[in-house]
Asker: 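Below is the structure I would like to discuss, written out as structure tokens.
Since the model is a prediction, treat every value here as computed from it, not as a measurement. Quick note on labels: first sequence line is chain A, next is B, and so on, each numbered from 1.
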Protein chains: 2
Amino acid sequence: MPARIRSANSSSGTGVLRNLNRSLVLKTLWQRPGLSRSELARELGLAKSTVSVVVAELLEEGLLREGEEMPGGVGRPSRALELDREKNLVLAWEISVDYLAVRLQNLMGEVRRGQDLELGPDPDPSACLDRLAQASRELLRGLGHSVYLRGLCLSVPGLVEPQHGHLTLAPNLGWQDLPLLEMLGHKLAQHRIRVETPPILENEANTAALGVYTLGEWRVANLAYLSLGIGLGSGLVLDRQLFWGSHGHAGEIGHVPLDPQGPPCRCGKRGCAETFVSLKAWRADPTEAGLERMADKLGLLLAQLLNLLDPDVVVLGGPLVEEIGPRLLPLARAAARRYALEQAARTAQIVLSPFGRDTAILGAGVLAIRAFLEAQRSGVGA
Amino acid sequence: MPARIRSANSSSGTGVLRNLNRSLVLKTLWQRPGLSRSELARELGLAKSTVSVVVAELLEEGLLREGEEMPGGVGRPSRALELDREKNLVLAWEISVDYLAVRLQNLMGEVRRGQDLELGPDPDPSACLDRLAQASRELLRGLGHSVYLRGLCLSVPGLVEPQHGHLTLAPNLGWQDLPLLEMLGHKLAQHRIRVETPPILENEANTAALGVYTLGEWRVANLAYLSLGIGLGSGLVLDRQLFWGSHGHAGEIGHVPLDPQGPPCRCGKRGCAETFVSLKAWRADPTEAGLERMADKLGLLLAQLLNLLDPDVVVLGGPLVEEIGPRLLPLARAAARRYALEQAARTAQIVLSPFGRDTAILGAGVLAIRAFLEAQRSGVGA
DNA sequence: GGGCTAAAGTTCGAGACATGAACATATTAC
DNA sequence: GTAATATGTTCATGTCTCGAACTTTAGCCC
């Protein structure tokens, strides 16, 4: 009989219930900071005593912070609880086509410090990671010893293999088939940056989707993010979860055929969405007529998304949106109404990302936070 | 302070752990019948004693059955456990365009008895339900008193509103805006059919997708089912869950625009997928050329699905497939390869439904079973 | 056939944990 | 100042899982 490590996947055992409740409390306070112990108990259907114990544990570990007393009427005032904004930080990294970025975020996703770095053409992967680590080191300087770096996520414009953190293909960087997550791990070690939860590598459209979903104003179940840049990609949040598909390629709409007789695409086919809707297409024809044609094709794409996935919100972002978003949006909305099912077009909102150029990196932070909170489920604490 | 009913949504309280473990055992035995207590314990990471207690409870309630001893080598032989195939049945109903169908299935999805009924044009909803209930009554006759009817699901070719069980629109039946689930409840009461779990109303493509996913040979996470009939619809199983979208309209691909200059569609737009890929299109041009054109357009649609969702399997079913499936399949595969991303086209299988005309109704049974097992989580037992 | 080994399933005491009632605490209302 | 009210804590109780010891039932070997 093989030696059997404590089965990690499944259900019960010592501490499962406690972990479940820890996780519930953390998740609830993440979404709705400022609740009191009593409110948590009511909300979660737990006994007040149980919540008190769990909260005490989490306070002890530095995960929660007790706020001021909140005089709310008759009776003893309650004490607001929230994730400790000071003690717990995550690093978000972004490699974009023409810049690198680092952000230090707290558990609420708020940016505490950040830095952007120029990036020349034909960047070297190892050098990029070095610069990111270097910049992070500086941002972390002088933060005090009671501050924990809870997680890290790197957002890249390319196809990521989710299991091992390989970067399969990043055409706009000229990279392919890199063990990027492994390299990242080595750089962190070299630069003496200790992260509690294993680092994460993720596609830029996916982090952006998760970021907008989490930090945006919409409390919805299904959201699609369209990343309009040199190429065209998308990230999907379905039933409140980031959707990867079976091989991590979900959302690759850049090469959906919109017109089999259309112009040739770098992928070898003709009339891919990317040939109509992208920075490249805009550069080729930056006129009002070009804009209208682009919006029309974008409408076709939106119709596919709306009819197939019935989302609450579709968010447009990326460099092209930075450039012409406000002009593009009304045309795209009209085109979507023209092509999509009436119900879908009526119920779904189409909006621009409220976070501009920072959308993807904010989402990377969110992903790191989620991974950390997830890991807390079965953790023995800090 | 308002009177507070035992919070149903959330976590813990008396018996939560036990319910979790009950649910785990049931789910595991559903997917892999014949496991022993020991194997379950190993599989789930539970103590043998715990599994024994839970299993004893479930045996008591008639949910599980203990099989013969399985001599497997040295040591005391184990006893196979499985969901009790005899004592627990569900009803699956289907209203199709030209027939009604009833199936009595056990918890493994196997059909024990069934009946098909002819259906004339312009069917009356109430009469349909009456005939279904009547037929069910006969199928149930003489089943013994220790047999429980655990659930019921009705599959319909139309748009369903998930919350209240309204049938919003079923163009091919000429029905719209019917409180079909409520009517169904009344009919059951009239015909003295007692079902333990609340009946379910679901779109035909969705039940079919779930059925193929569950009863098919593929053990996958993501599957799309295309229903090719008078119209064109699809059902999506994403991350092992049936996907509805935000308003229950996910998968409505019949009116995705494939060619803005195409023929007019009954929906008022031009060049909808349905105008190219459907029984109607085939009837209009049942030639080799027509077949090739249809396959080409189907390829466009498949490319959208494959690129956007990265599924493991796409299953084709419905009346059109019954008629020309084997001729259509190779052409559709070729077209998909022509239009989809290479990776997606290579990794995803495109197949015909192995269950033919019964795909949707088998899936309805599966949905009823899942609902019942789900309800067992917090149930106090039969 | 008898003893040994191996595996399945059961029994039982110990420990973890959620619960609810009683209690302490802090505020408003009068 | 006293009553009312709500928050948060303490503690005895009961549920449930766990692991170790034990029973049962088989194969293996002499």
Side-chain angles (χ1 to χ4, degrees), chain A residues 1-2 4 6-7 10-25 29 34-60 64 66-81 377-378 380-381, chain B residues 1-4 6-7 10-25 34-60 64 66-81 377-378 380-381:
Chain A
M1 190 170 58
R4 201 177 162 74
R6 193 81 193 81
S7 151
S10 82
S11 73
S12 90
T14 311
V16 170
L17 247 194
R18 174 53 57 89
N19 276 329
L20 208 163
N21 288 333
R22 280 172 61 103
S23 160
L24 270 171
V25 166
L29 282 175
L35 292 179
S36 69
R37 291 169 176 78
S38 292
E39 287 167 320
L40 274 172
R42 273 197 296 275
E43 204 75 21
L44 303 176
L46 295 170
K48 284 190 296 175
S49 44
T50 307
V51 172
S52 280
V53 174
V54 172
V55 165
E57 218 177 279
L58 294 170
L59 283 170
E60 177 77 19
L64 290 189
E66 208 165 19
E68 288 311 296
E69 293 185 350
M70 309 195 344
V74 194
R76 173 174 169 179
S78 60
R79 312 207 59 171
L81 298 168
R377 282 177 159 284
S378 37
V380 274
Chain B
M1 190 168 59
R4 201 178 161 75
R6 195 82 194 78
S7 150
S10 80
S11 72
S12 90
T14 313
V16 170
L17 248 194
R18 172 56 53 90
N19 275 329
L20 209 164
N21 287 333
R22 281 172 60 104
S23 160
L24 270 172
V25 167
L35 293 178
S36 69
R37 291 170 176 78
S38 292
E39 287 167 320
L40 274 172
R42 273 197 297 274
E43 205 74 22
L44 303 176
L46 296 170
K48 284 192 297 175
S49 45
T50 306
V51 172
S52 280
V53 174
V54 172
V55 165
E57 216 177 280
L58 293 170
L59 283 170
E60 178 77 19
L64 291 189
E66 205 164 22
E68 288 310 296
E69 294 185 347
M70 310 193 347
V74 197
R76 174 172 170 179
S78 61
R79 311 207 60 171
L81 298 168
R377 281 178 160 285
S378 38
V380 274

Asker: Which comes earlier along DNA chain C counting from the 5' end, the contact point of A:A47 or that of A:P77, where each point is its nearest nucleotide?
Answerer: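 Comparing both residues, the 5'-ward one is A:A47.
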
Asker: The side chain of B:L17 lies closest to which of these nucleotides: C:dT10, D:dT17, D:dG8?
Answerer: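 The answer is D:dT17, which lies nearest to the side chain.
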
Asker: In this structure, how many angstroms lie between the P atom of D:dT17 and the CG atom of A:N19, rounded?
Answerer: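 Rounded to whole Å, this separation is 16 Å.
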
Asker: Side chain of B:K48 only, please: which of C:dA26, D:dT10, C:dA8 is the nearest?
Answerer: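 The answer is C:dA8, which lies nearest to the side chain.
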
Asker: From C-beta outward on B:R18, which listed nucleotide comes closest to its side chain: D:dT24, C:dG20, D:dC16?
Answerer: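 Nearest to the side chain of B:R18 among the choices is D:dC16.
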
Asker: Check the distance between D:dT17's P and A:L20's CG and give it to me in whole angstrom.
Answerer: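 These atoms are roughly 14 Å apart.
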
Asker: What's the closest nucleotide to the A:E69 side chain, out of C:dT27, C:dT5, C:dT19?
Answerer: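 Nearest to the side chain of A:E69 among the choices is C:dT27.
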
Asker: With a 4.0 Å cut-off on heavy atoms, is A:S38 in touch with a base, just the backbone sugar-phosphate, or nothing at all?
Answerer: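 Sugar-phosphate: the residue A:S38, judged by heavy atoms under 4.0 Å, touches backbone atoms but no base.
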
Asker: Nearest to the side chain of A:R37, which nucleotide is it out of D:dT9, D:dC18, C:dT27?
Answerer: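 It is D:dT9.
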
Asker: Mapping A:V53 and A:G75 onto DNA chain C by nearest heavy atom, which one lands closer to the 5' end?
Answerer: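 Nearest-nucleotide comparison on DNA chain C picks A:V53.
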
Asker: Using a heavy-atom cut-off of under 4.0 Å over every strand shown, decide if B:S52 touches base, sugar-phosphate, or nothing.
Answerer: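 Here B:S52 touches the bases of the nucleic acid.
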
Asker: Donor-acceptor pair under 3.5 Å: do we get one between A:R76's side chain and the base of D:dT7?
Answerer: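 Answer is yes: a donor-acceptor pair is held.
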
Asker: Given C:dT27, D:dC18, D:dG8, which nucleotide is nearest the side-chain atoms of A:V74?
Answerer: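 Taking heavy atoms from C-beta onward, the closest nucleotide is C:dT27.
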
Asker: Output the single nucleotide from D:dA26, D:dG8, C:dT19 whose closest atom is nearest the side chain of A:S78.
Answerer: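 Given the options D:dA26, D:dG8, C:dT19, the side chain of A:S78 is closest to D:dG8.
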
